[in-house]
Amino acid sequence: MNFTEFNLNAQILSGIQAEGYEVATPIQAKAIPAILDGRDVVGLAQTGTGKTAAFALPLLQHLMAGPKGQLRGLILAPTRELADQICVAINKLGAKTGLRCATIYGGTVNYREQYRTLRGGIDIVVACPGRLLDLLQGGKNSREQANLHQVEILVLDEADHMFDLGFREPIYHILKYLPKQRQNLLFSATMSSDIRLLADKVLNNPVSIKIGESAPANTVTQTLYPVSEALKTDLLETILQNNAVQSAIIFTRTKHRAKRLAEHLGHLGYKATSFQGNLSQSKRKIALGKFRRGELKFLVATDIAARGIDIDHISHVINFDMPNTAIDYTHRIGRTGRASKLGAAFSLITNGDRRQIRSIEHLLKKRLEECIIPEFDYKAKAKAP
Ligand code: AMP
């Protein structure tokens with residue numbers, strides 16, 4: 001489906017063109033007309049499907065029709081990185097619309113500045129629920145209080161991830177500050193009973209859109225590399241030598257392992273950094289910027305840090321440690337092969353991961369290929385990383 005078929009404003013079409021989008025992705029083809037019709041929407045879709053533009057484009061179209069400079073669009077997102085990413089996408093797609101988008105989240109950004117954001121002629125705010133609720137409740141400065149009286153469209157993005165991060169209560173609280181009359185859009189990669197309850201509370205006779213059944217894009221080839229725990233680092237080195245890995249996120253189970261592995265890759269001469277919860281927000285931002293620009297080849301990350309990251313050129317996702325759930329696996333490998341580009345996912349698996357692999361294969365409805373590297377000495381003694 002071509003974007004001209006949606007009857008979007010010329011200014012919005014020029015944003016789409018500038019981004020180089022030619023045809024709508026399946027979620028865009030389904031969601032955009034429904035949202036333009038004023039319907040509430042529940043979308044079961046992961047990142048990598050084009051869901052940001054699926055809600056951003058009709059949101060921009062709707063806001064162009066009314067008064068500018070009032071906070072009329074509110075998007076709640078789980079992490080700062082995702083909030084930044086959504087805001088950047090909206091500001092690019094809406095570059096010619098005169099509408100302005102800003103972010104609100106905790107960490108180093110100060111309260112006063114954020115009150116100003118909420119009051120200062122911004123049309124769309126992308127917020128993490130915790131800090132937004134703080135601001136609504138008066139935060140650290142009881143003289144200042146933000147309000148959401150003008151909000152016409154609410155988007156809950158990655159609702160399941162927001163719940164995972166403990167934002168359920170803040171979200172329910174924030175709902176009380178919103179006008180009753182509004183359009184609601186909820187996106188989630190999974191539909192647990194918790195999310196279903198939220199959807200029932202928030203959405204009014206929604207159009208339901210389901211994309212890909214949590215399966216990753218079929219642009220990602222997946223390979224399993226069986227290995228003992230002790231030889232993982234050695235095997236990873238061999239894999240990196242054997243494959244044209246241009247740019248990869250390497251996932252580890254813990255922050256400590258991410259840090260250690262990134263240092264080890266650094267000693268081997270690779271441009272790598274860790275990306276985990278112990279890093280300050282500014283360090284995370286710098287690391288992500290360098291990775292995005294190709295100045296870093298490897299980001300060694302934990303799940304919590306990496307969900308929602310949208311970087312186009314990631315050629316590989318490597319699971320140094322397998323994730324806890326099959327859904328997390330699909331999230332991880334969804335970091336590559338985005339928007340029809342080809343990607344590869346390599347997973348180092350130990351015997352203890354076998355059950356997990358079966359549940360992943362069950363979810364994906366296919367068998368994953370295993371690879372033994374002939375020249376690798378699987379009986380060797382491990383080097384200390
Ligand atoms: P998302 O699922 O929103 O995180 O989007 C994943 C990636 O797909 C982003 O890099 C978008 O810029 C890109 N994208 C979104 N829509 C399209 C489209 N219609 N054609 C090509 N790329 C797109």
Side-chain angles (χ1 to χ4, degrees), residues 1-6 8 12-33 35-36 41-61 73 75-95 101 103 124 126 155-162 185-190 209-220 247 249 288-289 291-294 299 305-315 317 327 330-343:
M1 192 167 186
N2 202 296
F3 282 100
T4 48
E5 294 171 54
F6 296 123
L8 294 165
I12 298 176
L13 282 174
S14 91
I16 295 170
Q17 220 171 17
E19 281 299 273
Y21 302 170
E22 280 163 15
V23 286
T25 65
I27 191 167
Q28 290 162 357
K30 288 185 178 160
I32 292 173
I35 303 172
L36 288 174
V41 166
V42 53
L44 207 55
Q46 297 173 276
T47 54
T49 53
K51 81 177 155 62
T52 313
F55 63 75
L57 294 171
L59 175 66
L60 288 165
Q61 173 86 5
I75 300 160
L76 297 183
T79 61
R80 299 158 191 172
E81 283 82 13
L82 184 63
D84 277 337
Q85 221 163 264
I86 294 170
C87 197
V88 167
I90 290 179
N91 280 329
K92 280 188 183 161
L93 290 168
C101 179
T103 52
I124 303 165
V126 190
V155 183
L156 299 167
D157 195 17
E158 298 202 355
D160 51 345
H161 193 197
M162 290 202 276
L185 316 172
L186 184 151
F187 294 90
S188 188
T190 54
I209 295 169
K210 195 170 169 186
I211 299 292
E213 284 204 304
S214 305
N218 51 16
T219 50
V220 182
S247 160
I249 299 195
L288 210 54
F291 187 58
R292 205 184 284 277
R293 292 190 298 276
L299 212 56
R307 242 171 105 164
I309 290 180
D310 168 28
I311 295 179
D312 264 353
H313 63 266
I314 299 173
S315 66
V317 164
I327 293 284
T330 63
H331 275 298
R332 283 186 182 183
I333 74 167
R335 304 292 115 225
T336 181
R338 296 169 78 72
S340 310
K341 291 198 175 64
L342 293 179

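Residues take their numbers from the sequence shown, with the count starting at 1. Every number for a ligand or one of its atoms is a count from 1 in the order of the listing.
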Enclosure of Q17 CD (heavy-atom neighbours >12, cutoff 6.0 Å):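 Not more than 12 within 6.0 Å, no.
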
side-chain hydrogen bond (donor to acceptor under 3.5 Å, both in side chains) involving T103 - partner list, sequence neighbours excluded: none

Nearest heavy atoms of L8 and F3, plus distance in Å: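 L8 and F3 have their closest heavy atoms at CD1-O, 4.3 Å.
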
Only heavy atoms of [X], strictly under 4.0 Å: list the atoms of ligand 1 that pass.
X   : value
K51 : 1 (P), 2 (O), 3 (O)
T52 : 1 (P), 3 (O), 4 (O)
F3  : 19 (N)
V23 : 18 (C), 19 (N), 20 (N)

Ligand 1 contacted by I16 (non-hydrogen, < 4.0 Å):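 Judged by the 4.0 Å heavy-atom criterion, I16 does not count as contacting ligand 1.
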
Sub-3.5 Å N/O-N/O distance, A24 and ligand 1: no

G50 N/O under 3.5 Å from ligand 1 N/O: yes

Pairwise distance CD1(I209) to CZ(F187) - rounded to 0.5 angstrom: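 Interatomic distance, I209 CD1 to F187 CZ, rounded to 0.5 Å: 7.0 Å.
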
Rounded distance (nearest 0.5 Å) linking atom SG of C101 with atom CG of N91: 5.0 Å

Residue portion contacting ligand 1 (non-hydrogen atoms closer than 4.0 Å) for Q85: neither

Residue pairs fulfilling ring pair (Phe, Tyr, Trp, His ring centres under 6.0 Å) with at least one residue in residues 75-95, sequence neighbours excluded: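 Those involving residues 75-95 do not exist here.
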
